[in-house]
2 protein chains.
Amino acid sequence: MYERKIPRNFHCGISIIMEIIGGKWKAYILYLVQNEIRRPSELNRLIPSATLRVLNKQLSELENHGILKKIIYPEMPPRVEYFLTEFGLLLIPIVNAMDQWGNDHGNTFRELIKTRPAELLTDNSANN
Amino acid sequence: MYERKIPRNFHCGISIIMEIIGGKWKAYILYLVQNEIRRPSELNRLIPSATLRVLNKQLSELENHGILKKIIYPEMPPRVEYFLTEFGLLLIPIVNAMDQWGNDHGNTFRELIKTRPAELLTDNSANN
């Protein structure tokens, strides 16, 4: 008979950070904003697998979660840029650790998925 | 006139790890599997905001990316459990750092979003 006690504290840390950066492109967006890529169209150029609509939605969520601050410059056409808030800056060590991990293990990952049929891999076109 | 040089190496580390754990619930799934929550239905109980269909899709992607190993036990009804691969274990320090961040900054985040209207926050029901 199958039974297992589940600790109560699972809905703590990880669920909070997933609420903030759990969206498909959010950590990527933060990484790029930190590197002064601030405009939605620029972000889209560097994340072509996502649609601009999806990126704008994730930017809004990051703004509403107090991670990014949106500045609209009174120009014609209006220019929009995103900046990290003080709270958002606290996420940067995590984002950088993620980037470092990718650099350290990217080759292993590429070798590993090379042997798998393409249809098994993530469908990036879904943009979810 | 707006012009900016974009470094070429942006599509390195962060894009690789986002390919692996960029899905909305993937880091959460890895955190729970590491804590011996191995069955899709159990994971769903702890991540009720996601549907079982979405969780199964993310589990399959993690399997196809060499992060998780799926074991089907020959029972009736068949029992399915997921385990971290050797490669998947390499992600655990990142996942744990994310959990730690959430524990450290959860209260600040809760205070911060308390002042915002509910409709501005992430729509968890979307399951994307």
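Numbers restart at 1 for each chain; the letters A, B, ... are given by sequence-line order, proteins then strands.
Counting only N and O atoms by type, the side chains of A/E81 and A/Y73 include a donor and acceptor under 3.5 Å apart. Side-chain atoms of B/N56 and B/R53 form no donor-acceptor pair, as typed in the model, at a separation below 3.5 Å.
Between chain A and the residues B/D104, B/L90, B/I67, the largest count of heavy-atom pairs under 4.5 Å involves B/L90. Contacts with chain B were tallied for A/E63, A/Q100, A/H105, A/M98; A/M98 has the most, counting heavy-atom pairs under 4.5 Å.
Proximity to chain A (any heavy atom under 4.5 Å) is restricted, for B/I20, to the side chain, taken from C-beta onward. With a threshold of 4.5 angstrom between heavy atoms, B/L112 approaches chain A through side-chain atoms but not through N, CA, C or O.
Legend: residues meeting salt bridge (Lys or Arg N to Asp or Glu O under 4.0 Å) with A/E75, ordered by chain and number and at least two apart, are A/R79.
Taking the six-membered ring where tryptophan is involved, the planes of B/W101 and A/F87 are tilted, since the angle between them lies from 30° to 60°.
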